[in-house]
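In the text below, chain A, chain B and the rest are named by the order of the sequence lines, each starting its count at 1.
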Amino acid sequence: MNILSLLKKRFYPVLAELVSDPDVLLEMIRPSQDPKFGDYQVNCAMPLGKQLGKPPREVAEEIVAQLQITDLCEDPEIAGPGFINLRIKNTWIVEQLMKSGADKRLGIVRVDTPRKFVIDFSSPNVAKPMHVGHIRSTVIGDALTRSLRFLGHEVISDNHLGDWGTQFGMIIYGFKHFAIKSDYERQPVDELSRLYKLVNQLIEYHQAKAGLADREDHILQLEQRLNEFSKAMEEAGRQKDKKAKKDRRSLESQLADAREKAALAKSIVMTVESDQALATLAAKHAEIGSAVLSETAKLHSGDEENRQLWHEFLPHCRADMQRIYDRLGVVFNVEHGESFYHEQLESVVTSLVTRGLARESEGAICMFLEGFKAPFIIRKKDGAFLYATTDLATIQFRMLEWEPDAILYVVDHRQSEHFDKLFFGARQWGHNQVELTHISFGTVLGEDGKPFKTRSGAAVGLESLLDEAVNKALSVVSENDERKPNGPELKIEERQRIAAVVGHAAIKYADLSHNRTSDYVFSYDKMMALEGNTATYMQYSYARVQSIFARGHIDVDALRTAGTPLEIAHAAERALALELLRFSEALQEVATDYRPNHLTNYLFELAKKYSVFFEHCPVLKADGPQQRQSRLRLCDLTARTIQLGLELLGIDVVDRM
RNA sequence: GCGCCCGUAGCUCAGUUGGAUAGAGCAGCGGACUUCUAAUCCGCAGGUCAAAGGUUCGAAUCCUUUCGGGCGUGCCA
């Protein structure tokens with residue numbers, strides 16, 4: 001049941017009498033901002049008045065006169081220039097909540113016309129440690145998968161792994177030169193991961209070392225240019241010239257950037273050179289960079305030994321990654337990585353060339369797409385394919401295999417141009433029926449407002465990020481438990497179990513509660529806070545309900561099946577009850593915009609309404625069994641809504657905190 | 001240079017796609033614990049929605065320009 005769509009249904013016939021296309025007008029029915037304007041407001045009388053050449057209030061009155069809504073709403077009020085304000089009847093709210101309470105889905109009906117979605121998300125590079133950059137795609141993609149599926153859509157979640165790239169050249173090279181066989185046999189995952197890190201470190205060392213002089217030069221050049229520019233500015237008396245100031249700022253930030261990068265390069269070099277064993281290794285493998293590329297090329301061209309090693313390594317690398325997915329509770333339906341499409345790339349290029357959609361340019365095969373300055377390159381001049389090629393092959397495969405209505409790519413905003421081109425190209429290629437959408441998201445920033453990095457400038461490992469969150473959660477849970485009026489209630493193992501749930505939840509929720517299109521600042525303290533729009537606050541609200549049930553020895557099953565009517569007397573009860581019925585509106589918004597933060601916003605509103613209720617309406621000590629039973633049911637519905645809502649975001653609850 | 005995104009309270013962020021007096025949380029100030037979890041709740045204060053112009057009954061939201069920031073920009077993904 002969805003109040004908004006119900007209202008639309010009631011307004012439809014009335015508006016259809018007035019205009020040919022009432023859909024636009026129906027969109028103007030929405031929840032009221034202010035309770036004094038009722039629960040819902042209808043704003044369509046104003047534009048309609050203009051269209052029909054009548055005073056809007058008159059139009060509003062006509063609409064109201066025709067409206068069949070007495071079972072659902074009190075008498076509509078017309079206010080201001082022509083707003084129609086609706087107030088839902090308490091009897092109706094009670095009736096609906098009774099139905100929701102008896103339903104496992106809390107009254108949320110499945111969509112009439114299910115669509116088939118492929119959601120492409122997470123997509124890390126196998127064999128490289130996952131880092132903070134993977135969190136948003138993984139968490140948002142999982143939440144969308146869960147939400148759309150719950151609404152009745154068919155969803156295929158696909159982890160488009162990077163399993164065919166240079167990182168395999170790296171571990172193959174590492175395996176051939178540095179492997180400790182006994183370690184590999186005992187703990188293949190650990191050994192492969194060590195090899196990756198080692199080879200990566202050596203490559204970075206050589207790159208950094210080779211670039212050091214150039215970096216210094218570059219800094220000197222920039223310093224000189226900046227000096228000259230400033231001097232020229234002074235001489236020309238342009239100190240206040242905006243353009244000149246802007247150019248100088250740009251030079252300054254380039255310089256700062258160059259210095260930062262030089263410092264990072266120096267520290268990479270230092271780290272290796274200060275370690276005797278590493279330094280020796282680095283000297284011995286001076287050509288490691290190109291050697292790794294050639295191992296990768298051999299793998300791609302079908303070299304038997306490298307193919308065999310790849311087949312051997314891949315499951316281990318994938319297993320290593322599974323630890324993270326287990327912790328996050330993320331499951332995929334399919335995992336077709338880049339390697340899966342390897343065999344199809346040639347024919348993709350041929351197909352596009354044959355159809356005249358792609359042609360040779362400067363040695364590469366390109367698609368020149370209308371409205372784009374740079375071409376979409378699908379084959380490099382050295383003959384190698386690119387991710388553009390793989391992405392096209394992937395679309396082709398998905399269309400043939402599943403015939404989806406929509407393919408969603410949960411990938412950060414920096415790739416928006418790539419996807420614009422990809423979608424454009426795919427449509428030219430003939431895939432023009434399917435919805436192709438880039439679910440873009442912003443960057444995770446550190447507290448300094450710059451992309452979240454470790455102090456040394458490296459990406460923050462995802463595993464250590466989660467560990468840290470669980471640690472912080474443990475101290476939050478422990479501190480709270482110590483402070484309880486009757487002394488601590490939780491054993492250490494319970495605290496740890498709770499901390500694991502709370503810690504992971506905090507990370508996920510912080511991500512999901514922000515509008516995905518904006519960047520957000522990562523802060524353990526904020527995400528773990530009990531105040532504000534956090535998972536912890538939601539989980540706390542849930543736990544408070546459970547605490548009431550425990551204290552009152554409530555048989556929850558009996559409560560749900562008893563069929564005792566709800567009472568709505570107190571304003572806080574009404575506000576809570578109505579909010580409970582809005583769950584489906586929030587889910588609808590998530591599905592329309594592909595934005596989970598609509599759901600977190602809803603849950604926060606619900607939790608706040610529950611807090612007010614909790615404050616003003618004693619439950620166990622209510623006036624009489626009737627009221628007590630009614631309030632218990634409101635508590636139960638709140639807890640179940642929070643639990644289900646969080647579940648659709650991939651977040652668990654605990655009974656005690 | 002060109003393209004895309006962004007600019008909302010001291011800070012971190014929402015803002016239901018153009019609706020009525022722009023909202024939360026932190027931080028600040030003032031209140032509420034012999035009470036179902038005070039990890040909470042209530043109240044106060046805090047705004048030229050970057051700026052200017054335009055579109056209309058009505059703009060944080062749409063258009064134009066300016067300022068400020070981020071990202072991308074022919075052979076990485």
Apply side chain to side chain donor-acceptor pair (under 3.5 Å) to A:Thr517 and A:Asn515, showing your working.
CA-CA 6 Å; A:Thr517 57; A:Asn515 185 330; 3.0 Å; yes
Nearest whole angstrom, please: distance from the [atom2] of [N] to the [atom1] of [X].
X: A:Phe452; N: B:rG70; atom1: CZ; atom2: P; result: 20 Å
X: A:Tyr542; N: B:rU37; atom1: OH; atom2: P; result: 15 Å
X: A:Lys621; N: B:rU34; atom1: NZ; atom2: P; result: 12 Å
X: A:Phe614; N: B:rC41; atom1: CZ; atom2: P; result: 11 Å
X: A:Asp257; N: B:rG70; atom1: CG; atom2: C1'; result: 13 Å

Take atom C1' in B:rG30 and the same atom in B:rU35, then report the distance between them in whole Å.
23 Å
For RNA chain B, list all stems, counting runs of three or more consecutive pairs where every pair is Watson-Crick or G-U wobble with both distances under 3.5 Å.
B:1-7 with B:67-73, B:10-13 with B:23-26, B:28-32 with B:40-44, B:50-54 with B:62-66
To the nearest 0.5 Å, tell me how far A:Leu369 CG sits from A:Phe376 CZ.
7.5 Å
How long is the gap from CE on A:Met657 to OG1 on A:Thr536, to the nearest 0.5 Å?
6.0 Å
Has the side chain of A:His616 got a donor or acceptor atom that lies under 3.5 Å from a matching backbone atom of A:Val612?
yes
Just by modelled atom types, is the A:Ala622 backbone N or O under 3.5 Å from a matching donor or acceptor in the A:Arg631 side chain?
no
Of the listed nucleotides [options], the one nearest the side chain of [X]:
X: A:Asn515; options: B:rC36, B:rU21, B:rG15; answer: B:rG15
X: A:Glu531; options: B:rU40, B:rC36, B:rU16; answer: B:rU40
X: A:Met46; options: B:rC41, B:rG25, B:rG19; answer: B:rG19

Find out whether A:Cys635 and A:Val619 are in side-chain contact, i.e. whether some heavy atom of one side chain is under 4.5 Å from a heavy atom of the other.
yes
Across the strands shown, which category fits [X] at heavy-atom distances under 4.0 angstrom: base, sugar-phosphate, nothing?
X: A:Val476; answer: base
X: A:Asn601; answer: sugar-phosphate
X: A:Asp412; answer: nothing
X: A:Ala384; answer: nothing
X: A:Cys44; answer: nothing
X: A:Met28; answer: nothing
X: A:Phe604; answer: sugar-phosphate
X: A:Ala586; answer: nothing
X: A:Ser547; answer: base
X: A:Pro56; answer: nothing
X: A:Val521; answer: sugar-phosphate

Report yes if a side-chain nitrogen or oxygen of [X] is closer than 4.0 Å to either non-bridging phosphate oxygen (OP1 or OP2) of [N]; otherwise report no.
X: A:Arg30; N: B:rG19; result: yes
X: A:Arg551; N: B:rU37; result: yes
X: A:Asn597; N: B:rG15; result: yes
X: A:Tyr537; N: B:rC41; result: yes
X: A:Ser518; N: B:rA14; result: yes

To check you understand the geometry: which heavy-atom pair defines the closest contact between A:Leu599 and A:Gly645, and what is its length?
CD2-O, 3.6 Å
When the ring planes of [X] and [Y] are compared, do they come out parallel, tilted or perpendicular, using 30° and 60° as the limits?
X: A:Phe423; Y: A:Tyr409; result: tilted
X: A:Tyr387; Y: A:His418; result: parallel
X: A:His342; Y: A:His300; result: tilted
X: A:Tyr524; Y: A:Phe522; result: perpendicular

Summarise how protein sits on nucleotides 71-77 of chain B as a single string, 5' to 3': B when a protein heavy atom is under 4.0 Å from the base, S for sugar-phosphate-only contact, - for no contact.
SS-BBSB
A:Lys261 atom NZ, neighbour heavy-atom count above 12 within 6.0 Å
no
Heteroatom pairs (N/O) under 3.5 angstrom, protein to nucleotides 30-33 of chain B:
none

Is A:Arg359 positioned over the aromatic face of A:Phe368, cation under 6.0 angstrom from the ring centre and no more than 45 degrees off axis?
yes
Any N or O donor-acceptor pair linking the side chain of A:Gln33 to the base of B:rU16 at under 3.5 Å?
yes
A:Phe37 ring over B:rA20 six-membered base ring, under 5.5 Å and 30°
yes
Derivation and outcome, side chain to side chain donor-acceptor pair (under 3.5 Å), residues A:Tyr537 and A:Ser611
CA-CA 11 Å; A:Tyr537 180 70; A:Ser611 282; 3.1 Å; yes
